[in-house]
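Note that the structure is a prediction, hence the values are computed from the model and not measured. So that the names make sense, note that chain A is the first sequence line, chain B the second, and so on, each numbered from 1.
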Number of protein chains: 2
Amino acid sequence: MSEPSDARTRFLRLHDALRTRICLLDYPPGSRLSEEALAAEFGTSRTPLRRVLAKLEDEGLVVSQHGVGTIVTDVDPGEMARTYDLRRELAGLVGRLSPVPITDQIVADAAGFLKRGEALLTRPDTRSLARLNMEYFHFGTSLTRNEALREMSERLYYRTARIWLTATARLDLADETAIFVSELRDSLQALKARDGQAAADVRRTHISLCIARVNVLRD
Amino acid sequence: MSEPSDARTRFLRLHDALRTRICLLDYPPGSRLSEEALAAEFGTSRTPLRRVLAKLEDEGLVVSQHGVGTIVTDVDPGEMARTYDLRRELAGLVGRLSPVPITDQIVADAAGFLKRGEALLTRPDTRSLARLNMEYFHFGTSLTRNEALREMSERLYYRTARIWLTATARLDLADETAIFVSELRDSLQALKARDGQAAADVRRTHISLCIARVNVLRD
DNA sequence: AATCTTTATGTTGTGCACAACCTTGATGCG
DNA sequence: CGCATCAAGGTTGTGCACAACATAAAGATT
């Protein structure tokens, strides 16, 4: 029961694994993913794996070229800026479109994220920060019942996650951790007040600030 | 040069063809699509066709069940309502996020759509109306340079297109045609004034009205 | 008659072999 | 030496055969 292991489940697992590797820069932009090697690693054949790569290509994380290889995409700064613009707007919509009522459980979850964030303050680590950010993002989208909004937000998140991560490497890790923790703090405050729109606005604001920080790197 | 016919192009052609058939109700909800039959029709094998079906499944237009078949989805009214909510918001964003400057060519295109719409007034036809609506939608999304916004809007459009079409069949075709033409008229006015935001608001408003008209059918 | 079992049939999922294609390096020629 | 040509190796794309699975009908059993 803990492992249904039907075709769909295996597909989702594979997809999630590769997507995480790409977004955590285990496979940096420009890397070539070998279908055969990956198939061997995951104990399957090329056929199911190709379906996963096709989805990743549809999501804009890789491109496959006949006779060349499947290459992890590098991101165009201009397009990324526009994608961030949209992410910012969608973050605000989470508070307005079919928001879920804020329960004690949700507040507790937010408190849990804050605790994990604060633990990172004393021992900053890029990878842990990225993972926490990823989990916290999913928590944020879970605050709307609008499935389409959740889906689009996640699609865009995974497309921009790497940018923030590479930028963090060039900015100051301790600073970025502190900023993220303050977002968690603001978010928890809003949720404690049972104000979902305020929580969404917190996220919206921090995306705006994140855009600004990343943009200065381009100058 | 007019037909590159490499793998990617064939894939896109197949995908577009099947998506159009589904959204024009050539394949009504509940239909079973045979991989073998479709492969034969398009002169290919199951392998490339399965990739197309996988994308359609990712887009929510079909579901594949092992041992059963690939079935055209029927849409849950509640989820559709929420999807429409999001579409409405995205339509407004087209006017704000990276809008393209309104050129004479754009105004001329809008005038062309209006002309085609008016031609439908004298001889209403569901299928022609649906096709025109589809083309006009793509015209609408082309008014932003934000690729992600275009992509998400289209994704959601194709997920809801069938709802509007089935609703039109139960509403009055002549009425719906008239309403659509009035939207084209309002849109043309806004574009003539070189006001892209106003044009986006026209679309936004009409989506709202469309939601209201479809909703009365549920009572 | 009702119900369980079995079997036949059709469907999607998987693995593998080969085709199509690109890149790279060697080789020959000017 | 420069450059074109070609051959070799590796990669993704395609076709096909078979496995895994679900369904429905036929048959056996109670």
Side-chain angles (χ1 to χ4, degrees), chain A residues 1-19 21-22 26-74, chain B residues 1-19 21-22 26-74:
Chain A
M1 168 185 155
S2 64
E3 34 181 325
S5 187
D6 63 337
R8 192 179 310 275
T9 305
R10 283 194 301 266
F11 171 79
L12 290 176
R13 252 191 249 284
L14 267 167
H15 174 259
D16 193 61
L18 290 184
R19 187 176 61 178
R21 288 186 187 181
I22 292 173
D26 292 332
Y27 299 142
S31 307
R32 245 188 25 198
L33 305 185
S34 165
E35 297 185 350
E36 205 142 0
L38 288 175
E41 175 186 347
F42 288 101
T44 180
S45 78
R46 278 181 58 211
T47 307
L49 192 113
R50 278 176 59 75
R51 185 168 172 161
V52 174
L53 291 180
K55 183 167 163 71
L56 290 174
E57 181 164 19
D58 188 56
E59 294 170 330
L61 299 184
V62 303
V63 287
S64 287
Q65 292 179 356
H66 192 182
V68 180
T70 302
I71 288 117
V72 177
T73 55
D74 202 353
Chain B
M1 169 186 155
S2 64
E3 34 181 324
S5 185
D6 62 338
R8 193 179 309 272
T9 306
R10 284 195 300 267
F11 172 79
L12 291 176
R13 252 193 250 283
L14 267 167
H15 175 260
D16 193 63
L18 290 184
R19 187 176 61 176
R21 288 186 188 181
I22 292 173
D26 292 332
Y27 300 142
S31 307
R32 246 189 24 198
L33 305 186
S34 166
E35 296 184 350
E36 205 143 359
L38 287 175
E41 175 186 348
F42 288 102
T44 180
S45 79
R46 278 181 59 212
T47 308
L49 193 112
R50 279 178 57 76
R51 185 170 173 161
V52 174
L53 292 180
K55 183 167 163 71
L56 290 173
E57 181 165 18
D58 188 56
E59 294 170 331
L61 300 183
V62 303
V63 287
S64 288
Q65 292 178 354
H66 191 182
V68 181
T70 302
I71 288 116
V72 177
T73 55
D74 201 354

Student: Whether B:D16 and B:R19 form a salt bridge (side-chain N of Lys/Arg under 4.0 Å from carboxylate O of Asp/Glu) is what I want to check.
Tutor: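 Looking at B:R19 and B:D16, the cut-off is met.
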
Student: Using a heavy-atom cut-off of 4.0 Å across all strands, would you classify B:R10 as base, sugar-phosphate, or nothing?
Tutor: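 Result for B:R10 = sugar-phosphate.
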
Student: Rounding to an integer number of Å, can you tell me how far B:L33 CG sits from C:dT12 C1'?
Tutor: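 Taking atom C1' of C:dT12 as the reference, CG of B:L33 is at 13 Å.
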
Student: Hey, where on DNA chain D does chain A first and last touch, going 5' to 3'? Cut-off is any atom under 4.0 Å from a heavy atom.
Tutor: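 Nucleotide range with atoms under 4.0 Å of chain A: D:dG10 to D:dT14.
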
Student: Counting the atoms with a prime plus P, OP1 and OP2 as sugar-phosphate, which does B:R32 contact under 4.0 Å by heavy atoms, base, sugar-phosphate, or nothing?
Tutor: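 Sugar-phosphate, no base atom in range.
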
Student: Take atom CZ in A:R21; do more than 12 heavy atoms of anything else shown fall under 6.0 Å from it?
Tutor: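 Yes, because the 6.0 Å sphere around CZ of A:R21 holds more than 12 heavy atoms from other groups.
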
Student: Just how far is it from atom CD of B:E59 to atom CG of A:D58, taken to the nearest 0.5 Å?
Tutor: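 It is 7.0 Å, given to the nearest 0.5 Å.
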
Student: Counting only heavy atoms not in A:E36 (residues, nucleotides, ligands), do more than 12 fall under 6.0 Å from its CD?
Tutor: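 No, not enclosed.
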
Student: Could you give the CZ-to-P distance, from A:R8 to C:dT12, as a whole number of Å?
Tutor: 13 Å

Student: Could you walk me through whether A:E57 and A:L53 satisfy the side chain to side chain contact (heavy atoms under 4.5 Å, CB included) test, starting with their C-alpha distance in whole Å, then the side-chain angles of each, then the deciding distance to 0.1 Å, before giving a yes or no?
Tutor: CA-CA 6 Å; A:E57 181 164 19; A:L53 291 180; over 6 Å; no

Student: What contact category does A:E36 fall into here, base, sugar-phosphate, or nothing, at under 4.0 angstrom with non-hydrogen atoms?
Tutor: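 Contact class for A:E36: none.
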
Student: Atom CG of B:D6 to atom C1' of C:dA20: distance rounded to whole Å?
Tutor: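 The distance from CG of B:D6 to C1' of C:dA20 comes to 12 Å, rounded to the nearest Å.
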
Student: Taking for each residue the nucleotide of DNA chain C bearing the nearest heavy atom, is the 5' side occupied by A:P48 or by B:S34?
Tutor: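 First, find each residue's nearest nucleotide; the 5'-ward one identifies B:S34.
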
Student: What residues form a salt bridge (Lys or Arg N to Asp or Glu O under 4.0 Å) with A:D26, not counting sequence neighbours?
Tutor: A:R127

Student: Between B:Q65 and A:V68, which is nearer to the 5' end of DNA chain C once each is assigned its nearest nucleotide?
Tutor: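 The residue mapped nearer the 5' terminus is B:Q65.
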
Student: Output the rounded distance in Å from NE2 (B:H66) to C1' (C:dT12).
Tutor: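 Spelled out: NE2 on B:H66 to C1' on C:dT12 is 5 Å.
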
